[in-house]
Undergrad: 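Got a structure here, written out as structure tokens. Questions coming.
Just so it is clear: chains get the letters A, B, ... in the order the sequence lines come, proteins before strands, and each one is counted from 1.
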Amino acid sequence: MARRYEPAVFEPKWEEIWAAEGLYRASEDPDDPRPRFYALDMFSYPSGDLHMGHAEAFSGGDAIARYEAMRGHNVLHPIGWDAFGLPAENAAIKRGIHPKEWTYTNIEQQRRSFRRLGMSFDWQRQLNTCDPGYYRWTQWLFLQLFERGLAYRKAASTNWCPNDQTVLANEQVVQGRCERCGAVVQRRELTQWFFKITDYAQRLLDDMDELTDWPERVVTMQRNWIGRSEGAEVTFEIAETGEPVTVFTTRPDTLWGVTFFVFSVEHPDVERLATLAGTWDQVRPLVEKVRSTPLTIREEADTKEGVALGVHVVNPVNGERLPVYVAPYVLMEYGTGAVMAVPAHDQRDFEFARQHGLPVRVVVQPDGADPVDPETMTAALPHEGVMVHSAPFDGERSPASIAKVTTWLEREGRGRAAVTFRLRDWLISRQRYWGAPIPIIHCPADGLVPVPEDQLPVILPEDVDFRPGGESPLARHPAFLNVDCPVCGGPATRETDTMDTFVDSSWYYYRYCSPDDEQRAFDPQSVARWMPVGQYTGGAEHAILHLLYSRFFTKVLYDLGLVPFTEPFPRLMNQGQVIYDGARMSKSKGNMVAPMPIVERWGADTVRLTMLFAGPFEDDIDWKLIAGDPDRRPAVHAWLGRVFNVVDDAAGASGDEPEGLRRATARAVKGVTGDMERFRFNTAISKLQVLTNEMRAALDGRGGAREAAATLALLLAPFAPFAAEELWREVLGNPESVHLQSWPTFDPSLVVQDTVTLVIQVNGKVRDRVEVPADIDEASALALARASENARRAVGEGRVVKEIVRAPKLVNLVAQG
RNA sequence: GGGCGAGUGGCGAAAUCUGGUAGACGCGCAGGAUUCAGGUUCCUGUGUCCGCAAGGACGUGGGGGUUCAAGUCCCCCCUCGCCCACCA
């Protein structure tokens, strides 16, 4: 009588037993001989119950954590909540409840769901970024940066919604409109807090060597985001005033082709120079237009608009007097906010020149092309070739000449080699309620005063009208706002902005190492024992922001002497997205599929296996394609049913294990282990299915399969922890949890093939296959090939002119005629 | 416009790192068995075409190349996806 597969019965049972047994607690015992392994999943944003993305990501992360534990590691596998943030406020406003209530309700729901899914988390280390015991240390870290000049205030352009009366993140601006209310977004200059990540730009690039197991595309995205450009700074001179004005260029070899000069609309000298030249009336409308256009719209504009400033610059290499323009295509945020324009060799400059009737001068003659008439050019030329009209550099190869020209500029005192980064400082202040307050006091006498450490945390008050109203909601809370200055004791006010939630998430993985420490952010000794992280798992949508910020934080902590390493996550794995019918799941499309109802109906193991078996972990999963009809029994559920039957039969069978099955078991152990090392969960599971089929065949042949059954339960444990446990303890009768067992090993002699298939080809086409001993010699293999009827027929009248022998796998007869 | 990645059966995918039997495993489908019944379970078959079969031809987006041999390596092109996008 076969045992029925009833996950609805045994999954909740094991959930309780595992919790009672404390199965997944990481050991801090320094005498624990096991090597440590930190299996980290990106923590969860509690915006509701778990969604499919969670199920996918955590199924993979949990498989790794369980596998590493069975491999003999003392595993740290924690979970926490990225609990601050705007969605909590928006949802709370919509429902008329407090963001805290909404957040904690969701956390409790997600916590239950994670447990129901069988995630092997060490729940004693659970952390929550909106807990004062956590954000106290977020504030402490802010102060560490502040004291070293890495946190500072400056005026910046921001997206402003006139309806909601708040600043918006770029992500919240959709086609120039507020994503919440649809109002056209404005731009506003506001004084904001920044972290000086640009100080670390070069190190963030250099240390990429240490990211040994990151997806290449994530590294590339970060490299592009940092955007290092090598070139030169060249100093021009305003002809009318004699003042210097510097530009950055990657192509100093084209300096002789400069025919005009452009300032960014936001350049601080524009108004003064325009007033001086009497052009302010013409320039001003453009300046005001750009200032009122949201940042996201401006980036999409492609017009070559601009106006003449009425002043001129002198080109330092040839003394030419060139007109100066103001144009939005020059960005204030990059380089110096001013550019030298080389229309012959830069497409943007070329289009601007055509629009405004400016001259074009070719200074690099492309190889193999006839000299071009600048009048008839339709696009900028590539600048690879020979320099012309560039005395004293005529005839030099370009771009090889860049270094030479730069050296010359330095000698002549007209410029110098320079490096520019695209990376900008990290704007961390938010005029929002639901975040960690910035621990700064504004004193009329003492300026910006850090809150003394012994007064941390600066508690986020709960009795706040948190609806957006044109300023931070905390500014409307007098008891929070008004304080005595810690330095002079006089009346002062608190900073009312809160921190970006990415600050919270930039250090949470440190806190896991000593989550209850009330004396410090983390215990450096515990961190030194657990970190760097053994494997980090999470979504590719964090390729830049979270992962870059965390790398930055780690370098700051290293400089503070708090951690002995410079990269927190040397190994990173991104899961793919779960989509539906080719499209992203979303409420507005009405194509959301939630994991927990499927868990209810088919079990947690089915959800986990469906995710992991669907394809490579990093590939997207189209739920409609892999799950099909939601009422149909999932394929992996049916397989688990077969597993239960076959293991149950094996437990009752008394025969000897056939040699073929022993070999199949060894092959499975070898194959699954290799797949686990490369996170090939889909092929690992397929190998377990092969073993299941082999066991069935052996049992039908009246053989035993007890060894295979035990091995199957062990190999199944990382993927389907409930089923593996039920099989291990209940069906096979073992007293101790399968999740405390060692990963199986195999006898290498069992995976050695005695016979292999010798493939016989004629002119590269397979004509015959023969089973041969694995140690067959070349002469015998060749003799078999020559003797093959099929091969002979294929050779026909032809003559064999060459024989390629790769014993024992292949012989290729090359025939002619 | 730039960068990165991917195109293999009706479908999800193997094999690609290391050139050597293309399509493992699973879904679906077809036929059969069991069942009062089944959206159950089990068995068999399943790349396309020709053939009763043996066997043969074709086949990894398209074109070219290297090689005894290419899904795999090289060059060009097409399509799709993702990211960045006036970065001087």
Undergrad: Counting Watson-Crick and G-U wobble pairs only, both distances under 3.5 Å, name the nucleotide matched with B:G31, or none.
TA: B:C43

Undergrad: Using every non-hydrogen atom in the two residues, find where A:P252 and A:T406 come nearest and quote the distance to one decimal.
TA: CG-OG1, 3.6 Å

Undergrad: Closest approach to the side chain of A:M221, judged atom by atom: which nucleotide of B:U41, B:C83, B:A24 is it?
TA: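 Of the options given, the side chain of A:M221 lies nearest B:C83.
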
Undergrad: How would you label the contact of A:D349 with the nucleic acid (heavy atoms, under 4.0 Å): base, sugar-phosphate, or nothing?
TA: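 No contact.
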
Undergrad: Just to be sure I understand the rule, does A:R223 reach a base, reach only the sugar-phosphate, or reach nothing, if contact means heavy atoms closer than 4.0 Å?
TA: nothing

Undergrad: Out of B:G56, B:U41, B:A88, which nucleotide sits closest to the side chain of A:R633?
TA: B:U41

Undergrad: For the side chain of A:Y334, starting at C-beta, report the closest nucleotide among B:C4, B:C29, B:A88.
TA: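 Nearest listed nucleotide: B:A88.
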
Undergrad: Check the pair A:R228 / A:T420 against side chain to side chain donor-acceptor pair (under 3.5 Å), numbers first and verdict last.
TA: CA-CA 6 Å; A:R228 185 181 197 273; A:T420 298; over 6 Å; no

Undergrad: Give the minimum heavy-atom separation between A:V265 and A:V287, together with the two atoms involved.
TA: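 Heavy-atom minimum between the residues: CG1-CA, 3.4 Å.
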
Undergrad: About how many Å separate CG of A:D346 and CE of A:M340, when rounded to the nearest 0.5 Å?
TA: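 A:M340 atom CE to A:D346 atom CG measures 9.5 Å (nearest 0.5 Å).
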
Undergrad: Can you check whether A:N693 has a side-chain N or O nearer than 4.0 Å to OP1 or OP2 of B:G26?
TA: yes

Undergrad: Taking only residues two or more places apart in sequence or in another chain, which ones pass side chain to side chain donor-acceptor pair (under 3.5 Å) with A:T673?
TA: A:W743

Undergrad: Taking only residues two or more places apart in sequence, or in another chain, which ones meet A:A638 in a side-chain contact (heavy atoms from CB on, under 4.5 Å)?
TA: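 Residues passing side-chain contact (heavy atoms from CB on, under 4.5 Å) with A:A638: A:R633, A:R642.
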
Undergrad: Could you encode protein contacts along nucleotides 14-23 of chain B as a string, one character per nucleotide from 5' to 3', using B for base contact, S for sugar-phosphate-only contact and - for no contact, with a heavy-atom cut-off of under 4.0 Å?
TA: SS-B--BBS-

